[in-house]
Novice: 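To start, I am sharing the structure in question, which I have written as structure tokens.
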Amino acid sequence: MKKSRQRAVFSFLCCLLLLHSCRTVQESAASFSPEEAAADSKQCGPLLLSFAGDIMAHKQNVRGNFQEIYRDIESLLQECDFSFCNLETTVDSKKQFSGYPLFNVQEPYADAAINAGFNVFSLANNHANDFGEEGLCATRDYFRRKEKELADSGRKLYAAGIKAEKNAPIEFRLIEKDGWRILFAAVTEVLNFKTNTDLFDYVKPAAQEREQFLRQIAREKERSGCDLLIVSLHCAEEEYVQGIAESQKKFYHSVAEAGVDILWINHPHVSKEWEVISGADGVPRKIIFYAMGNTISGQRRNPDFANPKNPREYTGDSFLIQVRLEKDEQGAQITWLHPVLLTTYITREHQFIIKKLDDDFLEELKNRGEMQWASYLSERKKSMERIKAASH
């Protein structure tokens with residue numbers, strides 16, 4: 001009970017810190033009148049979302065019972081209305097499992113993430129076209145089929161980033177729940193191959209293309225009258241670097257100013273800070289997640305137990321961040337933000353699974369006599385806890 005109270009206090013203090021580290025951003029023009037917005041806000045209850053990082057498919061972490069990968073975080077995912085992740089592989093059961101540098105999984109691997117509770121997937125990333133048009137179409141077909149299958153049983157699933165038709169505009173998926181209207185898009189700025197870019201949502205990281213992207217965001221926000229616009233951006237930043245280039249940060253803020261309420265950035269494979277942004281009324285209304293890290297991967301396949309602060313060790317840890325939003329007369333506001341530390345743990349059977357990186361798990365490791373893992377992850381926990389909301 002004492003540990004539970006300590007975790008609750010820690011979460012509350014984290015939330016306070018985040019809300020006091022806000023910056024003001026000019027809000028986009030609302031599509032509804034104040035009277036309509038006020039009436040609409042009364043019809044909507046709170047919305048709880050969670051944002052994770054990359055689901056990778058290295059050959060080391062596609063073994064064993066796939067559902068066991070997510071067992072420790074299933075309750076966190078399923079208590080949310082929508083849980084977001086970036087799937088960095090194609091899904092084609094006609095092909096064998098394939099790890100780095102060309103990723104492909106068969107359907108049971110993706111099924112496990114969906115069954116665990118992830119229900120909004122970003123598919124636009126630098127590995128989207130690892131297997132060309134065939135891989136892109138197979139992945140899109142898989143998710144469209146799963147969406148229909150789950151809808152028939154009363155569940156919702158969404159995926160964005162792969163086009164239905166070549167050269168179609170960026171797809172903004174409409175997600176609706178209990179009076180909330182959410183638009184979701186997934187785009188990538190980085191490519192491994194300059195092929196088939198007409199089949200997925202790619203924005204070249206150049207001034208003209210970025211300006212066009214910002215204009216499209218503004219149009220979609222105004223046209224849709226949505227309550228939230230969420231964008232997954234697979235960024236053109238160097239991998240494994242925890243810092244953020246000022247030029248990139250300036251661009252990310254321009255994306256928020258154009259109308260994006262939650263900008264969820266992926267690609268670095270390590271966790272970075274996040275930023276809560278207040279509107280002109282001083283109320284927290286927007287978030288930029290600069291990078292969440294790897295939710296599951298095989299990149300930390302040989303933990304450096306003697307040097308847990310090695311920069312490469314950050315590829316094995318990540319954040320799952322829960323966000324609660326409510327509506328007021330001005331739109332959506334952030335009322336609660338809760339970061340949960342995750343780690344990729346390698347079992348004695350050599351299966352890679354996700355564990356919450358908390359005191360309970362450290363104690364469990366000690367009780368099982370796994371002192372090397374306990375000592376290593378204790379230091380990793382301290383390092384990860386230093387990553388917090390941006391301060392200004």
Side-chain angles (χ1 to χ4, degrees), residues 52-73 85-116 118 121-132 134-139 142-143 146 159 161-162 188 190-193 195 200 234 239-240 266-271 291-305 310-318 342-355 357 370 372-373 376-377 380:
D54 305 317
I55 292 180
M56 305 298 295
H58 297 91
K59 65 180 182 180
Q60 291 82 8
N61 69 281
V62 291
R63 59 183 67 176
N65 180 349
F66 297 147
Q67 206 59 52
E68 286 301 316
I69 293 172
Y70 304 99
R71 194 73 67 194
D72 202 43
I73 62 169
C85 69
N86 173 56
L87 184 64
E88 203 150 340
T89 176
T90 60
V91 184
D92 187 353
S93 286
K94 294 180 181 178
K95 293 183 173 64
Q96 296 297 315
F97 280 90
S98 177
Y100 182 83
L102 302 177
F103 288 102
N104 181 69
V105 296
Q106 296 184 353
E107 293 181 8
Y109 188 79
D111 287 346
I114 294 170
N115 293 338
F118 284 114
F121 286 79
S122 167
L123 304 178
N125 50 67
N126 57 307
H127 289 287
N129 60 342
D130 277 359
F131 287 90
E134 186 177 2
L136 285 159
C137 291
T139 304
Y142 164 78
F143 276 98
K146 291 296 291 187
I162 299 178
T188 182
V190 59
L191 302 171
N192 288 348
F193 306 100
T195 57
F200 58 98
H234 214 74
E239 295 175 305
Y240 316 119
N266 295 294
H267 182 61
H269 298 299
V270 294
S271 299
M292 312 299 280
N294 290 325
T295 299
I296 184 67
S297 84
Q299 288 188 304
R300 191 178 65 186
R301 61 184 64 92
N302 294 305
D304 190 348
F305 290 113
N310 188 315
R312 191 72 176 187
E313 303 309 293
Y314 282 86
T315 62
D317 304 313
S318 68
L342 305 180
T343 193
T344 295
Y345 166 68
I346 308 171
T347 70
R348 289 172 175 171
E349 295 73 34
H350 212 70
Q351 183 174 8
F352 288 56
I353 63 174
I354 302 165
K355 298 293 292 185
L357 184 50
E370 297 187 48
Q372 190 178 45
W373 268 108
Y376 169 80
L377 288 179
R380 292 296 316 135

Novice: Look only at the side chain of T343 and the backbone of Y345, and say whether a donor-acceptor pair between them is shorter than 3.5 Å.
Specialist: no
Novice: Give a yes or no answer on whether the side chain of T344 reaches the backbone of I296 with a donor-acceptor pair at less than 3.5 Å.
Specialist: no
Novice: Apply side-chain contact (heavy atoms from CB on, under 4.5 Å) to residues F200 and L136 and explain how you reach the verdict.
Specialist: CA-CA 8 Å; F200 58 98; L136 285 159; 3.9 Å; yes
Novice: Can you find a heavy atom in the side chain of D130 that is under 4.5 Å from one in the side chain of S98?
Specialist: no
Novice: Please walk me through it: do R71 and I353 pass side-chain contact (heavy atoms from CB on, under 4.5 Å)?
Specialist: CA-CA 8 Å; R71 194 73 67 194; I353 63 174; over 6 Å; no
Novice: Minimum heavy-atom separation for T188 and N126, please, with both atom names.
Specialist: OG1-N, 4.0 Å
Novice: Check this for me: Y100, atom OH, are more than 12 non-hydrogen atoms of other residues, nucleotides or ligands nearer than 6.0 Å?
Specialist: no
Novice: Just so I know, are the side chains of L87 and L123 near enough to count as touching, which here means a heavy-atom distance under 4.5 Å?
Specialist: yes
Novice: Please report the closest heavy-atom contact between A52 and N266, naming both atoms and the distance.
Specialist: O-OD1, 4.3 Å
Novice: Can any side-chain N or O of N125 pair as donor or acceptor with the backbone N or O of H234 at less than 3.5 Å?
Specialist: no
Novice: Return yes if a side-chain donor-acceptor contact under 3.5 Å exists between N104 and Y109, otherwise no.
Specialist: no
Novice: Grab the two heavy atoms, one from G293 and one from S318, that are nearest each other, plus how far apart they are.
Specialist: C-CB, 3.9 Å
Novice: A side-chain contact here means heavy atoms from C-beta on lying under 4.5 Å apart; do F97 and T89 qualify?
Specialist: no
Novice: With the threshold set at 4.0 Å, does a side-chain nitrogen-carboxylate oxygen contact exist between K146 and E107?
Specialist: no
Novice: Enter the distance from D317:CG to K355:NZ here, rounded to the nearest 0.5 Å.
Specialist: 14.5 Å
Novice: Under 3.5 Å, is there a donor-acceptor pair between the side chain of N61 and the main chain of M56?
Specialist: yes
Novice: Distance from R301 atom CZ to Q299 atom CD, nearest 0.5 Å?
Specialist: 7.5 Å
Novice: Do T315 and N294 meet the criterion of a side-chain donor-acceptor pair at a distance under 3.5 Å?
Specialist: no
Novice: Any heavy-atom pair between the side chains of H269 and E88 that's under 4.5 Å?
Specialist: yes
Novice: Using 4.0 Å as the upper bound for N to carboxylate O, is an ion pair formed by K94 and E134?
Specialist: no
Novice: Is it the case that the side chain of E313 and the backbone of D304 share a donor-acceptor pair, with hydrogens and angles ignored and the cut-off at 3.5 Å?
Specialist: yes
Novice: Verify whether the ring centers belonging to F103 and H58 lie closer than 6.0 Å.
Specialist: yes
Novice: Keeping Q351 on the side-chain end and N65 on the backbone end, is there a donor-acceptor pair under 3.5 Å?
Specialist: yes
Novice: With a 4.5 Å limit on heavy-atom distance, are the side chains of Y240 and R312 in contact?
Specialist: yes
Novice: Do you know which two heavy atoms are closest between A291 and P268, and how far apart they sit?
Specialist: CB-CG, 3.9 Å
Novice: Mind checking the CD1-OG spacing from I55 to S297? Nearest 0.5 Å is all I need.
Specialist: 11.0 Å
Novice: Examine R300 relative to Y314 and say whether NZ or CZ is less than 6.0 Å from the centre of the six-membered ring and inside a 45° cone about the ring axis.
Specialist: no
Novice: Quick one, L357 and L377 - any side-chain contact, counting heavy atoms below 4.5 Å?
Specialist: yes
Novice: Does Q106 reach the main-chain N or O of K95 with its side chain, forming a donor-acceptor pair under 3.5 Å?
Specialist: yes
Novice: With side chains defined as the heavy atoms from C-beta onward, is the minimum distance between D92 and Y142 less than 4.5 Å?
Specialist: no
Novice: If you look at every heavy atom in A128 and T90, which pair is closest and at what distance?
Specialist: O-CG2, 3.5 Å
Novice: Compare every heavy atom of F352 with every heavy atom of Q60, then report the nearest pair and how far apart it is.
Specialist: O-CD1, 3.2 Å
Novice: Quick check for you: to the nearest 0.5 Å, what is the distance between Y70 atom OH and T295 atom OG1?
Specialist: 8.0 Å
Novice: F118 vs F121 aromatic rings, parallel, tilted or perpendicular, using cut-offs 30° and 60°?
Specialist: perpendicular
